[in-house]
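Structure, as structure tokens:
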Amino acid sequence: MEILLAKEYGFCFGVKRAVKTVEETAASANGPVYTLGPIVHNDEVVAQMQALGVQAKDSIDEIDEGTVVIRAHGVPPETLDAARNKGLRVVDGTCPLVIRAQQLARALHDDGCQVVIYGAPEHPEVVGIAGWAGEGSVVVQSLEDVAALPRSKKIGVVSQTTKIPADYQAVVGAAMGKCQELRAHNTICNATAQRQTAAVEVAQQVDVMLIIGEAHSSNSRRLAEVCAQVNPRTYRIATADELETAWFVGAERVGVTAGASTPDAAIERVVAWFQTQRI
Ligand code: SF4
């Protein structure tokens with residue numbers, strides 16, 4: 001069995017930076033250290049953080065003292081204010097590319113645009129961007145959502161960083177029909193696009209394609225979607241424990257990639273699994 005790894009996979013620079021920020025903060029802080037939500041959507045990494053004494057909390061309401069680290073997804077400005085008003089030390093691990101999307105959304109709002117954010121409304125990154133975009137911003141998930149928007153004089157559009165570029169282009173095109181003036185910023189992250197391109201390249205060459213990433217990792221799910229479009233034998237798994245030999249019957253080549261929140265150790269365990277099997 002030949003294993004083909006995608007050229008780009010696993011932790012993106014924003015996640016590496018956020019994890020390093022938590023590790024450095026845990027090593028130097030006086031008092032308890034928290035992250036607002038899990039630092040990445042990966043149970044193994046969350047367990048590593050817990051071993052360093054860092055606890056994940058869902059809300060500032062649950063934190064009364066110490067340091068709170070903002071993860072790569074970012075938060076609305078109200079959350080930063082709430083933390084500072086409680087006297088908490090805030091260490092901002094927001095990915096610089098997410099900060100750019102937040103700032104562009106705010107600038108569009110300040111310029112009088114109806115701000116439209118393409119993304120999943122419940123995703124923390126989108127919640128954060130919507131907070132920076134201020135009152136009146138809307139989140140759209142589909143062309144149908146765009147079609148339902150009222151007409152506006154000026155519309156400004158940004159995207160969740162992990163969206164598929166072609167889908168975002170279609171949303172921007174549809175928004176054009178809803179206004180006199182349209183401003184659209186490309187806020188899709190290159191790391192995401194590069195991982196998707198590299199994953200599809202491999203998926204086209206192999207019998208079976210594996211995506212390593214947890215179900216609640218949106219970029220891992222996207223990788224599985226784009227690979228499944230070119231290779232129906234695509235499987236997303238959280239860990240090597242979920243692998244099933246039946247998936248690989250008759251397969252000579254297997255492709256492997258991983259979401260931006262998947263640590264290298266999880267990928268290595270999947271590759272090692274094939275050395276222990278007789279398929
Ligand atoms: S996927 Fe891109 S935008 Fe998101 S954290 Fe990683 S580098 Fe930043």
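Along the sequence shown, residues carry numbers from 1. Whatever order the structure lists them in is the order used to number ligands and atoms, beginning at 1.
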> In ligand 1, which numbered atoms sit nearer than 4.0 Å to a non-hydrogen atom of Phe13?
Replying inline: 7 (S)
>> So, taking the atom named CG in Leu223 and the one named CD1 in Ile212, what distance separates them when rounded to the nearest 0.5 Å?
In response: 11.0 Å
>> Is a donor from one side chain sitting under 3.5 angstrom from an acceptor on the other, for His123 and Glu125?
In response: no
> What atoms of ligand 1 come within less than 4.0 Å of a heavy atom belonging to Thr161?
Replying inline: 3 (S), 4 (Fe)
>> I need the Lys57 NZ to Leu36 CG distance, nearest 0.5 Å.
In response: 11.0 Å
>> Can you confirm if the NZ or CZ of Lys163 lies within 45° of the ring axis of Tyr118 and under 6.0 Å from the centre of its six-membered ring?
In response: yes
> Pick from Val91, Val54, Val90: which one makes a side-chain contact (heavy atoms from CB on, under 4.5 Å) with Val69?
Replying inline: Val91
> Can you list the ligand 1 atoms lying under 4.0 Å from a non-hydrogen atom of Cys189?
Replying inline: 1 (S), 2 (Fe), 3 (S), 7 (S)
> Which of the atoms in ligand 1, numbered in the order shown and given with their element, are less than 4.0 Å from a heavy-atom of Thr192?
Replying inline: 1 (S)
>> For a distance under 2.8 Å, tell me if Cys95 has an N/O/S atom near atom 8 (Fe) of ligand 1.
In response: yes
>> With a cut-off of 2.8 Å, does Cys12 put an N/O/S atom close enough to atom 6 (Fe) of ligand 1?
In response: yes
